[in-house]
Protein chains: 2
Amino acid sequence: MALEIHGMAGHLIRRLNQISVSVFQDRLKAAGFDLTPVQYACLATLDQKPGIDQATLAGLIAYDRATIGTVLDKLDTKGLVTRKVSPRDRRAREMHLTENGRALYRTVTPLVQEIQTLMTGGLEPGERAEFLRLAAKLASTGNAFSRAPLAEPD
Amino acid sequence: MALEIHGMAGHLIRRLNQISVSVFQDRLKAAGFDLTPVQYACLATLDQKPGIDQATLAGLIAYDRATIGTVLDKLDTKGLVTRKVSPRDRRAREMHLTENGRALYRTVTPLVQEIQTLMTGGLEPGERAEFLRLAAKLASTGNAFSRAPLAEPD
DNA sequence: TCAAGTTAGTAAGCATGCTTATTATATTGC
DNA sequence: GCAATATAATAAGCATGCTTACTAACTTGA
């Protein structure tokens, strides 16, 4: 090992994330789409839980409220989501995908799924499953340490 | 699984990174230090490879050159590193830790090592070793996909 | 009922980490 | 020797993702 930090968990995890984001951007761009990982996460969640508000969305995908607010500004500007004041709670905005948003989500999902296998392509099938299991376990046990913990841990 | 994305490799990796950075910041702050993960990586590398230039440093820890430039501005301002024009190549800046930089690095390193085990504390010892092995393998095979690939893969 | 506390969303600020472009300097090939 | 190319560092721009602080609105309980 050339350097001490190369073996550290934090360094390895950072590099995996760096690679993951890079692959995501490249593949989507190559296919003609302009969508970031967090934007995709928002579309996917709104497709499966239409009508939720921003704080709920942030909790479901483990992002900070403020971050998700600016991401939704973007998706709103792109015409992919709608936000309207909730009749039950005038602080909250109920969100839905637009037709364009839903269409984009459906088109792009198979590509995103391909990307997941591509990203873990360096592992044998058995290793891949084990890596995902351990990563999920770690994310779950570490959830409480996160600044933006998952609201409904699996 | 509540949501599709919760099982995706990219999402899990992002959350691990989020947790990792959060733990790092919290523990160092609690101990009275103000140092980010990338800043620590720079200090560690300069301690082990004194005299290298910025591009070499960036390559060794797999960061973009421009990013590392601003990080070094910070460390310079904090009085932790020195940069002087190389006599052999006037484009390059040879870097060294200052006394303060070296002292901080030595003080903080045991804490950083504790953090690594804390971060992976949700796993059994055997699982932990396996996770690190798989993460290293993935980072290595995925290196070419990264925007800022490691210059000297292990 | 109404004060105290909580929650939704936004704003401003800051660091990370990438992009492209520019400047200065080295190197290479003819 | 010198033109073409490559490299080191910086700058400007942009998105992510956090922080704290604020306003508006809701909930709780004495």
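Chain naming here is simple, since letters A, B, ... match the order of the sequence lines and numbering starts at 1 in each. These numbers were taken from a predicted model, which means no experiment stands behind them.
- In this structure, R14(B) places its CZ atom 19 Å from P of dT16(C), rounding to the nearest Å.
- With I13(B) as the fixed residue, the side chain to side chain contact (heavy atoms under 4.5 Å, CB included) test singles out one of M119(A), R15(A), R14(A): M119(A).
- A135(B) and L16(A) make their closest contact through O-CD2, 3.8 Å (heavy atoms, listed as atom of the first residue, atom of the second, distance).
- For E127(B), the side chain to side chain contact (heavy atoms under 4.5 Å, CB included) partners are R133(A), L134(A), K137(A), L123(B), E124(B), not counting sequence neighbours.
- Applying the 4.0 Å criterion to OP1 and OP2 of dT16(C), one finds that Q39(B) has a side-chain N or O inside that range.
- Rounding to whole angstrom units, CG of residue D73(A) and P of dT16(D) are separated by 11 Å.
- A close approach under 4.0 Å does not occur between any side-chain nitrogen or oxygen of T70(A) and OP1 or OP2 of dT16(D).
- Within residues 81-88 of chain A, no residue places a heavy atom under 4.0 Å from DNA chain D.
- Taking all atoms of both residues into account, the shortest heavy-atom contact from A44(B) to I5(A) is CB-CG2, 3.9 Å.
- A close approach under 4.0 Å does occur between a side-chain nitrogen or oxygen of Q18(B) and OP1 or OP2 of dC18(D).
- The separation between F24(B) atom CZ and dA15(C) atom P is 16 Å, rounded to whole Å.
- For Y105(A), the ring pair (Phe, Tyr, Trp, His ring centres under 6.0 Å) partners are Y40(A), not counting sequence neighbours.
- Residues meeting the side chain to side chain contact (heavy atoms under 4.5 Å, CB included) test with R83(A), sequence neighbours left out: Q54(A), L72(A), D73(A), D76(A), R93(A), M95(A).
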Please write out the pairs of protein N or O atoms and N or O atoms of nucleotides 3-7 of chain C separated by less than 3.5 Å, giving the distance to one decimal.
residue	atom	partner	partner atom	Å
dT7(C)	O2	R91(A)	NH1	2.4

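- Nearer the 5' end of DNA chain D, as judged by each residue's closest nucleotide, is the contact made by N17(A), out of N17(A) and D89(A).
- Listed pair R90(B) / dA8(D) fails the phosphate criterion, with no side-chain N or O lying under 4.0 Å from OP1 or OP2.
- Atom C1' of nucleotide dC18(D) and atom CG of D34(B) are separated by 14 Å, given to the nearest angstrom.
- Taking atom CG on D64(A) and atom P on dA15(D), their separation rounds to 18 Å, with Å as the unit.
- Rounded to whole angstrom, the span from the CD1 atom of I68(B) across to the P atom of dA15(C) amounts to 15 Å.
- When the C1' atom of dA9(D) is taken as reference, atom CG of L57(B) falls 13 Å away, rounded to whole Å.
- Evaluation of the side-chain hydrogen bond (donor to acceptor under 3.5 Å, both in side chains) rule for K29(A) yields no partner, not counting sequence neighbours.
- R27(B) meets the side-chain hydrogen bond (donor to acceptor under 3.5 Å, both in side chains) test with no other residue; sequence neighbours excluded.
- We find that CG of D53(B) is positioned 13 Å from P of dT7(D), with the value rounded to whole Å.
- Listed by chain and residue number, nothing satisfies the side-chain hydrogen bond (donor to acceptor under 3.5 Å, both in side chains) test with S20(A) (two or more places apart in sequence, or in another chain).
- Remark: R128(A) pairs with no residue by the salt bridge (Lys or Arg N to Asp or Glu O under 4.0 Å) rule, at least two apart or across chains.
- Between dT10(C) and R93(A), a contact under 4.0 Å exists linking OP1 or OP2 to a side-chain N or O.
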Distances under 3.5 Å only, N/O to N/O: pair up the protein atoms with those of nucleotides 12-14 of chain D.
none

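- Residue order along DNA chain D, read from the 5' end via each residue's closest nucleotide, puts Q54(B) first among T67(A) and Q54(B).
- Partners of D53(A) under the side-chain hydrogen bond (donor to acceptor under 3.5 Å, both in side chains) rule, at least two apart in sequence or in another chain, are T56(A).
- Residue pairs meeting the ring-ring contact (aromatic ring centres under 6.0 Å, His included) criterion with at least one partner in residues 72-102 of chain B, sequence neighbours excluded, are absent.
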